[in-house]
S.K.: 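Pasting in a structure now, in structure tokens, and then I'll have a few things to ask.
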Amino acid sequence: MMRTRPLKVALLGCGVVGSEVARIMTTHADDLAARIGAPVELAGVAVRRPDKVREGIARELITTDATALVKRGDIDVVVEVIGGIEPARSLITTAFEHGASVVSANKALLAQDGADLHAAAEAHGKDLYYEAAVAGAIPLIRPLRESLAGDKVNRVLGIVNGTTNFILDKMDTTGAGYQEALDEATALGYAEADPTADVEGFDAAAKAAILAGIAFHTRVRLDDVYREGMTEVTAADFASAKEMGCTIKLLAICERAEDGQSVTARVHPAMIPLTHPLASVRGAYNAVFVESDASGQLMFYGPGAGGAPTASAVLGDLVAVCRNRLSGTTGPGESAYAALPVSGMGEVVTRYHISLDVADKPGVLAQVATVFADHDVSIDTVRQQGKDGEASLVVVTHRASDAALGGTVEALRKLDTVRGVASIMRVEGE
């Protein structure tokens, strides 16, 4: 039997995502009520600009006092889509204190203060759900947190930012330079006026912290994630990648060490073989590849951003939280029992593609190979092209630690025959 008293929802933020949440709550009200077992009612919407016309939202629901809204006491669920650290953090903790569960899409806040927010939710017996914080509409957090709870996840490898994937895809398929591809992404609305958070990897790093924490049952903060942007990727890098049968993606990579005693989380551009499923992810789409002991390899793919896709994830959480509310239970909270140490980038082992500008004369290759051998970095392939006394030397290594590779490059720079290191890129996905 359906309960007639509605569950009341407070919406914090009514931008691209918030307005879609409100629209779906209205247009799908009957279906949502049937799925939950009670009607859901939009009880208030906190915004910064109250005079802006918001189609489908009654003006009496609009308020600029978000704190008063979450303190009302009759609110069952607070949906936070304002982003940023403050006032979002204070509003969420206040919501818990006044009896509401929370659905959030705030990746930056969860990556920085997820442990404290989970503790606050648990202390007040409330839910904290955040499927929309990573990869938009793609169901990812719930599968990791619930469906794979009985499995051991070893690696999460993914494209989790649509803006950067669009730019790199354009560079790959059209030969465009970075700035040209960024300009097109901006014109199409994929990139913000200030794209720093995307192209420098901050957005992806926050998502990597969240994914690593869930996958490895370990607290991973944003500061634990190695981050490298993709602004230095060039057409020459793509040409080298194609010669290796690869393309280039900005990847979020979370993995256990081979001995299982530590984890790492990192974001950086990488060459990936065209045979890998992530290589075929085009445009502004996202995809995440999960490797685990029992399930093997799983891939989650779909639109990773945008108002409607992100709102879909928010509404999925809203339904789950409302069901919990009706049954007097809460869903899974933080699982950090493993408490594995998070290693730095120096401990990461992978393959590398190094392009060197060298003098075109006998003995150069032998000198370079000696440096690699002295630092215990094994060479897989070497390609050299020379003209008019100058040459380009491309070395692809077998797996080596980042620390060992760093020492190798430092020694290479000291060789008189090495004019410069044109590029260094990791090779992943094998």
Side-chain angles (χ1 to χ4, degrees), residues 9-24 44-50 52 54 57 62-67 69-70 77-96 100-114 116-118 120-121 128-138 140-141 160-164 189-211 221-223 225 227 252 267 284 286 303-318:
V9 177
L11 179 61
L12 307 182
C14 197
V16 173
V17 176
S19 59
E20 280 295 309
V21 170
R23 181 189 67 80
I24 295 172
V45 182
V47 299
R48 287 184 299 174
R49 297 187 297 274
K52 180 180 178 181
R54 292 173 171 85
I57 300 177
I62 302 296
T63 179
T64 58
D65 194 343
T67 301
L69 178 59
V70 300
V77 184
V78 169
V79 174
E80 183 272 309
V81 287
I82 56 178
I85 306 301
E86 286 292 354
R89 175 171 50 196
S90 297
L91 291 169
I92 289 173
T93 55
T94 300
F96 292 142
S101 290
V102 173
V103 172
S104 176
N106 196 330
K107 53 187 171 288
L109 177 58
L110 288 158
Q112 177 174 303
D113 295 314
D116 291 341
L117 294 178
H118 273 293
L128 173 63
Y129 276 48
Y130 43 90
E131 184 69 63
V134 180
I138 305 172
L140 184 59
I141 289 177
V160 295
N161 183 278
T163 300
T164 54
Y190 293 129
E192 302 287 345
D194 180 1
T196 303
D198 294 324
V199 300
E200 293 295 350
F202 290 101
D203 175 86
K207 296 169 182 176
I210 295 169
L211 292 174
R221 289 172 52 88
L222 180 59
D223 292 344
V225 181
R227 178 194 55 79
V267 169
N286 285 192
T310 306
S312 170
V314 170
L315 267 295
D317 279 351
L318 179 63

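Basis for what follows: all heavy atoms, side chains included, without hydrogens, waters or symmetry-related copies. From a predicted model like this one, the values you see are computed outputs, not experimental measurements.
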S.K.: Could you walk me through whether Leu140 and Leu211 pass the side-chain contact (heavy atoms from CB on, under 4.5 Å) check?
M.R.: CA-CA 9 Å; Leu140 184 59; Leu211 292 174; 3.6 Å; yes
S.K.: Kindly state each residue pair satisfying salt bridge (charged side-chain N to carboxylate O under 4.0 Å, His left out) with at least one member in residues 11-23, sequence neighbours excluded.
M.R.: Glu20-Arg23
S.K.: Are the side chain of Asn161 and the backbone N or O of Thr164 linked by a donor-acceptor pair below 3.5 Å?
M.R.: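 Yes, the answer is positive, given that a donor and an acceptor are paired below the 3.5 Å cut-off.
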S.K.: Do the side chain of Thr163 and the main chain of Tyr190 share a donor and acceptor less than 3.5 angstrom apart?
M.R.: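 Yes, Thr163 side chain to Tyr190 backbone: donor-acceptor pair under 3.5 Å.
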S.K.: Do you know which two heavy atoms are closest between Lys107 and Ala133, and how far apart they sit?
M.R.: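 Heavy atoms only, the tightest pair is CB-O, 3.3 Å.
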S.K.: Looking at Ala252 and Val160, what are the two nearest heavy atoms and their distance?
M.R.: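 Where Ala252 meets Val160 most closely, the heavy atoms are CB-CG2, 3.9 Å.
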S.K.: So among Leu12, Leu11, Val47, Leu109, which one has a side-chain contact (heavy atoms from CB on, under 4.5 Å) with Ile82?
M.R.: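 Of all the options given, the one that passes is Leu12.
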S.K.: Identify which one of Leu222, Val134, Leu117 satisfies the side-chain contact (heavy atoms from CB on, under 4.5 Å) criterion when paired with Leu110.
M.R.: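 Among the candidates, only Leu117 passes.
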S.K.: Between CD1 of Ile92 and OG of Ser101, what distance do you get to the nearest 0.5 Å?
M.R.: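 Here the interatomic distance stands at 12.0 Å.
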S.K.: Among side-chain atoms of Asp65 and Thr63, is any donor-acceptor pair under 3.5 angstrom?
M.R.: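 On atom types as modelled, these side chains do not qualify, holding no pair under 3.5 Å.
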S.K.: Is there a donor-acceptor pair closer than 3.5 Å between any side-chain N or O of Glu80 and the backbone N or O of Ser104?
M.R.: no
S.K.: So, for Gly13 and Val81, which heavy atoms are closest and what is the spacing to 0.1 Å?
M.R.: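 Of all heavy-atom pairs spanning Gly13 and Val81, the closest is O-CG2, 3.5 Å.
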S.K.: If you look at every heavy atom in Gly136 and Thr310, which pair is closest and at what distance?
M.R.: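 It is CA-OG1, 4.1 Å.
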S.K.: Hey, mind stepping through Leu128 and Phe96 against side-chain contact (heavy atoms from CB on, under 4.5 Å) and telling me if it holds?
M.R.: CA-CA 9 Å; Leu128 173 63; Phe96 292 142; 4.1 Å; yes
S.K.: Hey, could you give me the CG/CG distance between Leu91 and Leu69, rounded to the nearest 0.5 Å?
M.R.: 9.0 Å
S.K.: Looking only at heavy atoms, which two atoms of Ala205 and Val225 are closest? And how far apart?
M.R.: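 Closest pair (atom of Ala205, atom of Val225, distance): O-CG2, 3.7 Å.
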S.K.: Check Cys14 against Ile57 and note the closest heavy-atom contact, atom names and distance.
M.R.: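 So the minimum-distance heavy-atom pair works out to SG-CD1, 3.5 Å.
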S.K.: Rounded at 0.5 Å granularity, tell me how far CG in Asn106 sits from CD1 in Ile210.
M.R.: 8.5 Å
S.K.: With sequence neighbours left out, write down each residue that passes side-chain contact (heavy atoms from CB on, under 4.5 Å) with Ala95, or none if nothing qualifies.
M.R.: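 In terms of side-chain contact (heavy atoms from CB on, under 4.5 Å), with neighbours along the sequence ignored, Ala95 is linked to Val70, Val78, Ala100, Val102.
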S.K.: Not counting sequence neighbours, which residues clear ring pair (Phe, Tyr, Trp, His ring centres under 6.0 Å) with Tyr130? List them please.
M.R.: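 By the ring pair (Phe, Tyr, Trp, His ring centres under 6.0 Å) rule, Tyr130 matches His118.
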S.K.: Main chain of Ala135, side chain of Asn286: is a donor-acceptor contact present, judged purely on distance under 3.5 Å?
M.R.: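 Here the side-chain-to-backbone pair does not exist.
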